[in-house]
Asks: 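After the structure tokens below, expect a handful of questions from me.
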Protein chains: 2
Amino acid sequence: MERKSFEGMQCPIARSLERVGEWWSILILRDAFYGITRFDEFQKSLGIAPNMLTRRLKGLVESGLMERREYNARPPRYEYVLTKTGQDFRPVLLSLLAWGNKHFAEGAASVLIKNIKTNKIAVPVLTDQVSGEEIIASGKFKIVAGPAADDKLRQRFASGYEGTL
Amino acid sequence: MERKSFEGMQCPIARSLERVGEWWSILILRDAFYGITRFDEFQKSLGIAPNMLTRRLKGLVESGLMERREYNARPPRYEYVLTKTGQDFRPVLLSLLAWGNKHFAEGAASVLIKNIKTNKIAVPVLTDQVSGEEIIASGKFKIVAGPAADDKLRQRFASGYEGTL
DNA sequence: CAGTATCCTGTCCGATACTG
DNA sequence: CAGTATCGGACAGGATACTG
């Protein structure tokens with residue numbers, strides 16, 4: 001990534017985008033969650049050019065989202081697995097999935113989340129772990145500038161940009 | 001957007017990315033949630049070039065995420081507000097925020113979510129609205145191909161790519 | 001199998017100037 | 001205030017050929 005405009009941005013959303021801002025990065029992560037680990041599986045699944053795949057994979061490794069592991073010594077063979085940081089990206093992916101399903105599915109969803117136990121379709125919603133309340137559209141939550149906010153960010157909130165959620 | 005590689009993709013994640021794949025799009029949405037509506041407010045807040053802002057805004061309107069509304073007749077003045085589809089994007093933004101806070105905050109979070117009632121910091125987690133269970137890392141959920149899945153997608157799951165969540 | 005090496009195109013994005 | 005017009009650079013991404 002390393003777009004100049006995003007360097008030094010204190011907003012955690014912008015910081016997240018520095019790591020996964022490219023199209024392929026997110027799609028690669030998606031496939032990684034599906035269990036894909038090998039270079040050529042990613043390539044086949046995504047239909048991505050090999051040089052691009054190398055670049056994105058390298059980026060994800062550098063950002064700490066994936067780990068390149070040798071799974072065979074002679075000949076040397078590598079696989080790519082999600083790190084803890086990468087695994088923590090799952091809620092973003094699932095939210096993206098739910099959003100796409102809801103609004104752009106053209107009649108029917110193409111990918112679903114199922115509860116293994118009940119075998120029912122799950123509906124992912126964001127809730128507050130502390131109070132147990134649903135965060136979205138409840139009007140009971142707000143975004144505030146935290147301790148590490150820089151001046152620009154603080155100003156955004158000071159000028160009244162304080163949407164309740 | 002309109003990258004060839006993504007056209008016709010049936011995966012809802014890819015479809016979502018068609019709408020918000022660019023860096024600025026997501027940052028614009030973020031600011032829209034903060035309550036920004038006017039062209040020049042977006043520009044100041046983001047530090048984005050005006051031509052780019054025009055393009056991204058136009059894209060978001062075409063994708064149905066934002067609406068361009070005339071709020072003054074003479075002279076004609078416009079503002080940009082989130083549609084229902086755009087508002088539904090909030091969980092993605094909040095997940096991104098939580099992820100960034102957790103892993104790239106350098107000691108302290110710069111933006112936080114607070115419960116208005118209790119004034120406590122909220123911790124957003126994805127849960128299944130049906131069963132009430134936390135989806136992440138519970139191992140009780142899996143992604144499956146839905147009715148609208150195309151062959152490629154179906155094959156992905158048929159070949160054993162069925163990560164439990 | 002897991003890439004590297006080249007070459008090429010598109011467009012994202014920035015900077016600046018200008019307008020009703 | 002809310003943009004349009006124009007220019008230029010960097011790089012994401014595509015296509016193809018090649019390697020241990």
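All chains are named by letter (A, B, ...) in the order of the sequence lines, taking the proteins before the strands, and each is independently numbered beginning at 1. Bear in mind that the values here come from a model prediction, so they are computed numbers and not experimental data.
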Asks: Does A:N51 or A:P76 map to a spot on DNA chain C nearer the 5' end, using the closest nucleotide for each?
Replies: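 Its nearest nucleotide being more 5', the pick is A:P76.
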
Asks: Looking at D:dC1, D:dG14, C:dC12, which one has an atom nearest to any side-chain atom of B:R55?
Replies: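 In terms of side-chain proximity for B:R55, the closest of D:dC1, D:dG14, C:dC12 is C:dC12.
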
Asks: Taking for each residue the nucleotide of DNA chain D bearing the nearest heavy atom, is the 5' side occupied by B:K58 or by A:P50?
Replies: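 Per heavy-atom nearest nucleotide, the more 5' residue is B:K58.
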
Asks: side-chain hydrogen bond (donor to acceptor under 3.5 Å, both in side chains), that's the test. Do A:D88 and A:T85 meet it? Break it down for me.
Replies: CA-CA 5 Å; A:D88 282 345; A:T85 301; 5.8 Å; no

Asks: Does A:D151 have more than 12 heavy atoms from other residues, nucleotides or ligands lying within 6.0 Å of its CG?
Replies: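 Check fails, neighbour count at 12 or below.
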
Asks: Does B:W24 place a side-chain N or O at less than 4.0 Å from the phosphate oxygens OP1/OP2 of C:dT11?
Replies: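 No, no such contact exists.
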
Asks: Less than 4.5 Å apart, any side-chain heavy atom of B:L29 and any of B:L93?
Replies: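 The answer is yes; the side chains approach within 4.5 Å.
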
Asks: Report the nucleotide, chosen from D:dG3, C:dA2, C:dG14, that has the shortest atom-to-atom distance to any side-chain atom of B:Y78.
Replies: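 The listed nucleotide nearest to B:Y78's side chain is D:dG3.
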
Asks: Give the rounded distance in Å between these two atoms: CG of B:L53 and P of C:dC12.
Replies: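 It works out to 14 Å between those atoms.
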
Asks: To the nearest angstrom, how far is B:M52 atom CE from D:dA5 atom P?
Replies: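 Rounding to the nearest Å, CE of B:M52 and P of D:dA5 are 16 Å apart.
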
Asks: Is A:W23 near enough to C:dC12 that one of its side-chain N or O atoms lies under 4.0 angstrom from OP1 or OP2?
Replies: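 It does not, given that no N or O in the side chain of A:W23 lies less than 4.0 Å from OP1 or OP2 of C:dC12.
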
Asks: Could you tell me if the side chain of A:L153 sits less than 4.5 Å from the side chain of B:S110, heavy atoms only?
Replies: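 Yes - at least one pair of side-chain heavy atoms lies under 4.5 Å apart.
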
Asks: Calculate the interatomic distance between A:R56 atom CZ and C:dT4 atom P; express it in whole Å.
Replies: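 One finds 14 Å between P of C:dT4 and CZ of A:R56, rounded.
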
Asks: Please report, rounded to the nearest Å, how far the C1' atom of D:dG3 is from the CZ atom of B:R77.
Replies: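 Those two atoms, CZ and C1', are 10 Å apart.
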
Asks: For D:dT4, take OP1 and OP2 only and decide whether either is under 4.0 Å from a side-chain N or O of B:T54.
Replies: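 B:T54 to D:dT4 OP1/OP2: side-chain N or O found under 4.0 Å.
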
Asks: Base, sugar-phosphate, or nothing for B:Y71, non-hydrogen atoms under 4.0 angstrom?
Replies: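 B:Y71: backbone/sugar contact only, no base atoms under 4.0 Å.
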
Asks: Within the 4.0 Å heavy-atom criterion, would you say B:Y80 contacts the bases, only the backbone, or no part of the nucleic acid?
Replies: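 Sugar-phosphate, backbone atoms only, no base.
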
Asks: If I take atom CE in residue B:M66 and atom C1' in nucleotide D:dA2, what distance separates them, rounded to the nearest angstrom?
Replies: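 The distance from CE of B:M66 to C1' of D:dA2 comes to 15 Å, rounded to the nearest Å.
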
Asks: Please report the distance, rounded to the nearest Å, between CD1 in B:I48 and P in D:dA2.
Replies: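 Rounded to whole Å, this separation is 16 Å.
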
Asks: Salt bridge or not for B:E133 and B:K140, using N-O below 4.0 Å?
Replies: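 Here B:E133 pairs with B:K140 in a salt bridge, since their nearest N and O are under 4.0 Å apart.
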
Asks: Remember a base hit wins even if backbone is also touched, and classify B:R38 as base, sugar-phosphate or nothing at under 4.0 Å, heavy atoms.
Replies: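 It contacts sugar-phosphate atoms only.
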
Asks: From the set D:dG3, D:dA15, C:dC12, return the single nucleotide nearest to any side-chain atom of B:R68.
Replies: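 In terms of side-chain proximity for B:R68, the closest of D:dG3, D:dA15, C:dC12 is D:dG3.
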
Asks: Measure from CG on B:L17 to C1' on D:dG13 and round the result to the nearest Å.
Replies: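 Value for this atom pair: 15 Å.
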
Asks: Provide, to the nearest angstrom, the distance between the CG atom belonging to B:L27 and the C1' atom belonging to C:dC12.
Replies: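 After rounding, the gap between these two atoms is 14 Å.
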
